[in-house]
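Have a look at the structure below before the remarks.
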Amino acid sequence: MELQDKLRIERKKHKLTQKQVADLLDITESGYGFYEQGKRKPPYEHLQTLAARFDVTIDYLLGTSTIPHMNKEQSDSLRTIEDVRNDLANDRILDVDGTHFTPEAKEEALRQMDLLIKLRKLEK
């Protein structure tokens, strides 16, 4: 998803008009409209203001993080946890002794990883 799409979605999610967001940024309504149309890129100061108003990170707006409230490092860490979880679920990870996990151990490990993933997504 592109920056202009995220700006439009976040603005609508917060029930704001383009005029209200433009006023927040101290620019014209058409100036903000160009951001949502992808005709102009907002300067860093505007990204800071928009991220704070929409309660998301600049990383999310710019597409370097896929999770609205996480920075790139947190997002990358979560993706790594999800990758390991998927590898375990698909029997691509062996136990420390080189054998496959028992069904019970695998189920418990997956449950713990699901909890960790859920907690990471709740972090801001």
Side-chain angles (χ1 to χ4, degrees):
M1 192 178 323
E2 299 290 324
L3 171 63
Q4 63 263 23
D5 301 317
K6 290 181 182 177
L7 292 176
R8 185 181 62 258
I9 289 167
E10 290 297 324
R11 176 180 58 79
K12 288 181 178 185
K13 184 173 23 173
H14 289 85
K15 297 180 178 21
L16 297 169
T17 65
Q18 285 188 345
K19 173 81 170 109
Q20 289 171 312
V21 177
D23 289 346
L24 174 71
L25 300 174
D26 198 27
I27 61 174
T28 65
E29 184 176 354
S30 63
Y32 177 74
F34 286 148
Y35 295 166
E36 284 193 14
Q37 294 168 29
K39 293 181 179 178
R40 288 194 189 146
K41 300 288 183 198
Y44 183 74
E45 296 77 23
H46 288 180
L47 288 172
Q48 284 180 306
T49 302
L50 292 166
R53 178 60 180 89
F54 296 150
D55 192 30
V56 298
T57 64
I58 294 174
D59 285 334
Y60 171 74
L61 290 176
L62 294 177
T64 57
S65 172
T66 58
I67 303 172
H69 302 290
M70 288 189 182
N71 61 32
K72 181 171 177 11
E73 181 179 310
Q74 291 169 314
S75 181
D76 288 348
S77 172
L78 178 60
R79 276 199 300 272
T80 301
I81 294 166
E82 289 173 335
D83 290 343
V84 171
R85 190 225 179 271
N86 290 335
D87 286 346
L88 177 60
N90 293 304
D91 294 320
R92 291 189 296 259
I93 294 181
L94 299 177
D95 205 341
V96 292
D97 63 359
T99 63
H100 287 285
F101 282 82
T102 65
E104 296 79 17
K106 179 179 170 181
E107 183 179 321
E108 177 60 20
L110 291 171
R111 190 179 71 73
Q112 292 295 325
M113 292 179 106
D114 288 341
L115 288 172
L116 182 57
I117 290 167
K118 185 183 268 186
L119 286 172
R120 292 302 302 253
K121 287 182 177 180
L122 293 175
E123 289 180 357
K124 287 190 178 185

Are the side chain of T57 and the backbone of Y60 linked by a donor-acceptor contact shorter than 3.5 Å?
yes
Does the side chain of F34 reach to within under 4.5 Å of the side chain of K41, using non-hydrogen atoms?
no
Can you check whether L3 reaches L47 side chain to side chain, under 4.5 Å on heavy atoms?
yes
Above 12 or not: heavy atoms from other molecules or residues under 6.0 Å from CG of N90?
yes
Once you round to the nearest 0.5 Å, how far does CG of D5 lie from CZ of R8?
5.0 Å
Please confirm whether the backbone N or O of D59 pairs with a side-chain atom of T64, one donor and one acceptor, at under 3.5 Å?
yes
Kindly compute the distance separating OG1 (T28) from CD (Q18), expressed to the nearest 0.5 Å.
10.5 Å
Rounded to the nearest 0.5 Å, how far apart are NZ of K12 and OG1 of T17?
12.0 Å
Can a donor-acceptor pair be found, under 3.5 Å and without considering hydrogens, that links the side chain of N86 to the backbone of E82?
yes
Straight-line distance of I27 CD1 to R40 CZ, nearest 0.5 Å:
8.5 Å
L25 with Y44, same ILVMFWY side-chain cluster at under 4.5 Å
yes
Check R11 with E36, please: is the shortest side-chain N to carboxylate O separation under 4.0 Å?
yes
Are any non-hydrogen side-chain atoms of E29 and D23 less than 4.5 angstrom apart?
no
Salt bridge or not for E10 and K13, using N-O below 4.0 Å?
yes
Under 3.5 Å, is there a donor on one side chain and an acceptor on the other for Y35 and H46?
yes
Are the side chains of R53 and L16 in contact, using a 4.5 Å heavy-atom criterion?
yes
Please output the side-chain donor-acceptor pairs of residues 104-113 that fall under 3.5 Å, not counting sequence neighbours, one pair per line with the distance.
residue : atom : partner : partner atom : Å
K106    : NZ   : A89     : O            : 3.2
K106    : NZ   : D91     : OD1          : 2.9
E108    : OE1  : R111    : NE           : 3.2
E108    : OE1  : R111    : NH2          : 3.3
E108    : OE2  : R111    : NH2          : 3.0
E108    : OE2  : Q112    : NE2          : 2.8

Measuring from T80:OG1 to R85:CZ, what's the distance to the nearest 0.5 Å?
15.0 Å
CA sep, side-chain torsions, deciding dist, call: Y32, L24, side chain to side chain contact (heavy atoms under 4.5 Å, CB included)
CA-CA 10 Å; Y32 177 74; L24 174 71; over 6 Å; no
Distance col, row L61:CG vs L7:CG, nearest 0.5 angstrom, shows 6.0 Å
